[in-house]
Amino acid sequence: MTYRLSAGNFTTKDIVPNTTLNRTNVTARTTATLSEKLSIDISATYSNQQAENRLGLANSFSAPRNYVMMPRHITAESLEGSMMDASGKETTWFTNWNWMTNPYWQRKYELNSDSRDRVIGVVSAFYQISPHLKGMIRSNADFNFRRNNEQEASNGISNSLGSYTSGWSTYKQYQGDFLFSYDNKITEDLTYTVNIGGSTLQKRDEQTTERTDGGLAIPYFYSIENSVNRPSVSYHLSESRTNALYTFAQFGYKTWLFADITARNDWSSTLPKSNRSYFYPSISSGFVFSEAFDWRQQLLSFGKIRASWAQVGRDTDPYRTNFSYPSAGSFNGAPMYQLDPSIPLLNLKPEITSNIELGTELIFFNGRIGLDFTYYRSNTRNQILPAGVSASSGFVSAIINSGEILNKGIEVQLKTRPIESKNFKWNLDINFAHNKNEVISLTDGLETYQLFYQWNLTIEARPGHAYGDIVGYGIKRDGNGNKLVDANGMYIRDDKPKVLGNYNPDFTGGVQNGFSYKNFSMSFLVDYRVGGEMFSGTNMYASGYSGNLESTLEGREGWYASEADRIAAGVAPEDWVATGGFLAEGVTADGSPNAVYVNPELYWGQFSSWTNEIHEEFIYDASFVKLREVTLGYNFPSRISDKLHLKGLSVALTARNLWLIYSGVPNIDPESSYTNGNGQGYEIYSWPTRRSIGINIKISL
């Protein structure tokens with residue numbers, strides 16, 4: 001019988017005041033052999049996480065928005081020292097909109113917190129039925145309890161009445177599975193293993209949210225009972241179950257030919273009865289030709305080719321095949337329910353992905369050079385997505401099987417050891433990846449699928465295009481591609497949106513160097529992205545709303561000088577021909593070069609004009625090169641660890657996100673994004689990327 005107990009703690013403070021995260025994990029495990037044939041394995045993990053004042057990813061009421069908009073003569077110290085007036089109301093020195101807050105008020109009074117407790121238990125039993133046949137039965141449970149609170153202070157700019165929201169959720173997952181495994185030989189050289197198993201997975205997600213209504217009766221007292229009106233309460237419950245039967249077999253001939261075959265069938269409660277059952281198989285093989293042909297010479301130490309074909313099925317979230325009535329809060333204490341704004345698909349099909357992969361692994365000169373090459377082709381059909389519908393239908397979206405998407409590409413890894421001596425070693429690893437995707441088709445009647453929308457710019461999937469087109473408004477052009485300006489020297493906006501770019505890169509990769517000298521070690525990783533575009537709302541609004549970017553300085557002195565001359569001459573603005581300012585690149589309707597100077601404030605303001613934006617000027621090449629990580633380490637010699645009665649002792653200093661070597665996007669991190677989902681390619685008011693430096697001490701007992 002064996003026992004194991006481990007514990008860990010992680011605590012961090014963010015660059016923003018009052019933002020912390022604390023996580024503690026404890027794991028206990030025991031294994032026991034009860035007889036020659038029966039053994040058990042029992043483990044339990046408890047995790048507790050406490051977070052204070054999590055930050056919105058982007059476009060929130062946050063410091064980045066304020067600093068992008070704020071005039072340069074306003075200091076952070078003045079905002080911090082004057083966040084509240086004599087009457088207790090929030091104050092700030094500058095607002096583009098009437099809900100724009102003081103960032104220091106927000107970090108002190110607009111607070112949130114959440115706590116999570118998670119318990120995972122696993123019990124497994126193994127029985128050796130015969131010399132070649134064994135069985136396993138396993139059960140596990142995963143309980144996740146979450147509590148969150150949000151508070152808005154009374155007398156704040158965004159909400160003068162104050163508010164408090166409290167929510168809690170319970171997520172429970174139960175899984176049981178069994179597996180029988182039989183292994184034997186057909187001949188002395190040909191071996192096989194056959195496995196047959198099944199599983200059942202049940203999920204239950206329960207959520208309750210309470211909100212104050214009408215503000216806080218007593219300012220700064222955060223409790224649901226402190227609601228001016230009767231609080232609003234909403235409740236959500238979803239349950240699902242998936243059953244599966246599967247089999248897989250492995251075959252091996254000598255030590256150089258292998259094949260794996262799998263087959264699985266799932267039954268999901270989230271799909272309609274007619275499509276509830278879906279089957280997906282796979283087959284893969286590997287051939288170590290260096291062993292088969294005895295080519296293990298000094299030049300080629302190891303050579304292998306591999307090939308596989310696989311299908312993977314996927315179901316969906318619960319309650320997407322029938323009309324449902326989710327909670328809509330309460331009114332005067334009575335619960336309310338509403339018709340789900342998404343139209344269900346009664347004949348919803350499972351999503352199926354088919355994948356083909358070919359590859360080779362080659363090792364030369366006894367490990368000094370290694371090459372791994374992979375080609376893949378993946379085809380996904382019947383993607384399950386919500387599509388927008390006309391508001392006249394009474395709904396917001398409809399669940400659809402959206403068509404077919406193709407992905408294909410290559411991945412290459414080159415591992416080398418250019419220098420290797422008794423005391424010094426240099427490892428150089430290079431990786432490269434290229435992926436090309438295409439939307440083959442959408443569902444009938446759908447010409448484009450909108451993945452994301454914000455301020456008249458969308459991220460879309462269009463047949464014949466790569467997934468992730470950036471679609472927005474551009475500048476109208478003549479037949480020769482010249483930008484068109486009007487009589488006032490301002491650009492003419494296109495009547496209709498168009499594709500301005502696509503967020504998919506042409507290729508990505510990295511280069512890692514590792515050096516070791518005696519007990520010292522050092523490594524650094526540089527990674528890169530080439531190609532693809534992104535839209536930066538930060539640059540657009542910092543140009544058009546505040547003029548806080550260096551690029552907006554062009555033409556200011558000339559405009560001020562022209563205005564001084566006009567005032568001195570006593571000429572009205574409409575009768576004056578400006579002698580300086582910003583001169584937009586472009587031509588007039590008759591093809592003549594633009595010669596009209598405009599106020600730089602008006603020039604940049606035309607791009608971010610509310611509901612009339614021109615996005616084209618703020619579409620950038622999203623390429624970058626970064627020094628991603630540097631590590632310095634020292635492995636203490638055995639004479640020191642022995643004195644401390646240790647088996648080993650080492651220390652390492654690690655730094656991440658140290659240097660943005662090159663970026664095609666000004667003023668922001670090119671990896672910034674509005675969302676981690678389908679909003680990739682859109683950025684606005686993002687927090688800066690954190691640089692981290694840490695020390696790792698490893699002790700072996």
Side-chain angles (χ1 to χ4, degrees), residues 1-13 21-34 36 39-49 120 122 124 126 255 296 298 301-302 361 363-370 372 413-431 510-527 627-659 690-701:
M1 182 174 290
T2 63
Y3 302 92
R4 180 185 177 188
L5 179 66
S6 64
N9 178 265
F10 173 81
T11 301
T12 182
K13 292 184 178 180
L21 176 67
N22 183 281
R23 184 188 301 118
T24 300
N25 298 297
V26 179
T27 299
R29 182 181 179 184
T30 182
T31 59
T33 301
L34 303 181
E36 291 184 358
S39 62
I40 59 172
D41 188 335
I42 302 173
S43 66
T45 299
Y46 169 72
S47 174
N48 174 265
Q49 180 174 286
I120 302 174
V122 182
S124 305
F126 306 88
T255 59
R296 294 166 293 175
Q298 185 175 4
S301 307
F302 179 84
E361 183 180 354
I363 298 177
F364 302 92
F365 304 112
N366 294 319
R368 296 291 292 271
I369 299 177
D372 194 307
Q413 290 184 327
L414 177 65
K415 296 180 177 292
T416 67
R417 199 179 310 133
I419 299 176
E420 184 175 32
S421 64
K422 180 179 179 181
N423 294 321
F424 180 76
K425 183 168 66 174
W426 172 26
N427 290 326
L428 173 62
D429 299 338
I430 302 172
N431 64 76
V511 179
Q512 183 167 24
N513 283 273
F515 305 93
S516 62
Y517 177 71
K518 294 185 177 180
N519 291 338
F520 293 91
S521 63
M522 173 185 175
S523 67
F524 65 90
L525 170 64
V526 175
D527 61 11
L627 178 59
R628 184 70 72 179
E629 182 175 289
V630 174
T631 300
L632 300 173
Y634 180 73
N635 189 28
F636 287 88
S638 57
R639 67 176 184 275
I640 296 178
S641 56
D642 290 345
K643 289 181 180 179
L644 299 173
H645 304 289
L646 301 174
K647 292 183 179 180
L649 176 63
S650 63
V651 60
L653 177 67
T654 301
R656 296 182 175 89
N657 293 320
L658 287 176
W659 182 18
R690 280 64 162 172
R691 178 183 297 134
S692 65
I693 299 176
I695 296 177
N696 179 45
I697 300 174
K698 184 178 180 180
I699 300 173
S700 300
L701 301 176

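Counting only heavy atoms from C-beta outward, the side chains of Arg690 and Asn657 never approach each other to under 4.5 Å. A heavy-atom distance below 4.5 Å is not found between the side chains of Asn427 and Lys415. Side chains of Asn635 and Ser521 form no contact here, defined as non-hydrogen atoms less than 4.5 Å apart.
Separation of atoms OG1 (Thr30) and CD1 (Ile40) is listed at 7.0 Å; rounding is to 0.5 Å. Here OG1 of Thr12 is found 7.0 Å from CG of Leu21. Values are rounded to the nearest 0.5 Å. In this structure, NZ in Lys647 is found 14.5 Å from OG in Ser638, a value given to the nearest 0.5 Å. Within the model, atoms CG of Leu644 and CZ of Phe636 stand 9.0 Å from one another, a figure rounded to the nearest 0.5 Å. We find the CG-NZ distance between Asn22 and Lys13 to be 11.5 Å, quoted to the nearest 0.5 Å. Atom CG in Leu649 sits 8.0 Å away from atom CD1 in Ile640 (nearest 0.5 Å).
Under the salt bridge (Lys or Arg N to Asp or Glu O under 4.0 Å) criterion, Arg639 pairs with no residue, sequence neighbours left out. Under the rule for a ring-ring contact (aromatic ring centres under 6.0 Å, His included), the partners of Phe515 that lie at least two apart in sequence or sit in another chain are Trp426. When the salt bridge (Lys or Arg N to Asp or Glu O under 4.0 Å) test is applied to Asp527, the partners found at least two apart in sequence or on another chain are Arg628. With sequence neighbours left out, Glu629 forms a salt bridge (Lys or Arg N to Asp or Glu O under 4.0 Å) with Arg656.
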With side chain to side chain contact (heavy atoms under 4.5 Å, CB included) as the test, would you mind laying out the steps for Asp429 and Gln413 before giving the verdict? CA-CA 7 Å; Asp429 299 338; Gln413 290 184 327; over 6 Å; no
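The two residues Ser301 and Asn366 make their nearest non-hydrogen contact at OG-N, 2.6 Å. Scanning both residues, Ser47 and Asn25, for their nearest heavy atoms gives OG-OD1, 2.9 Å. Nearest heavy-atom pair, Gly367 versus Arg417, reported as atom, atom and distance to 0.1 Å: O-NH2, 3.4 Å.
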When the side chains of residues 693-701 are checked against the rest of the protein, which donor-acceptor pairs come out under 3.5 Å, sequence neighbours left out?
none

Could you pull out every donor-acceptor pair under 3.5 Å between side chains of residues 2-10 and any protein atom, sequence neighbours left out?
residue : atom : partner : partner atom : Å
Thr2    : OG1  : Thr31   : OG1          : 2.3
Asn9    : OD1  : Thr11   : OG1          : 3.0
Asn9    : ND2  : Arg23   : O            : 3.4
Asn9    : ND2  : Thr24   : OG1          : 2.8

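Using modelled atom types and a 3.5 Å distance limit, the side chains of Ser39 and Thr33 yield no donor-acceptor pair.
Residue Arg29 places its CZ atom among 12 or fewer non-hydrogen atoms of other residues, nucleotides or ligands, all under 6.0 Å distant. Heavy atoms from other residues, nucleotides or ligands lying under 6.0 Å from OH of Tyr634 number more than 12.
When each of Leu653, Asn513, Leu632 is tested with Met522 by the rule side chain to side chain contact (heavy atoms under 4.5 Å, CB included), just one qualifies, namely Leu632.
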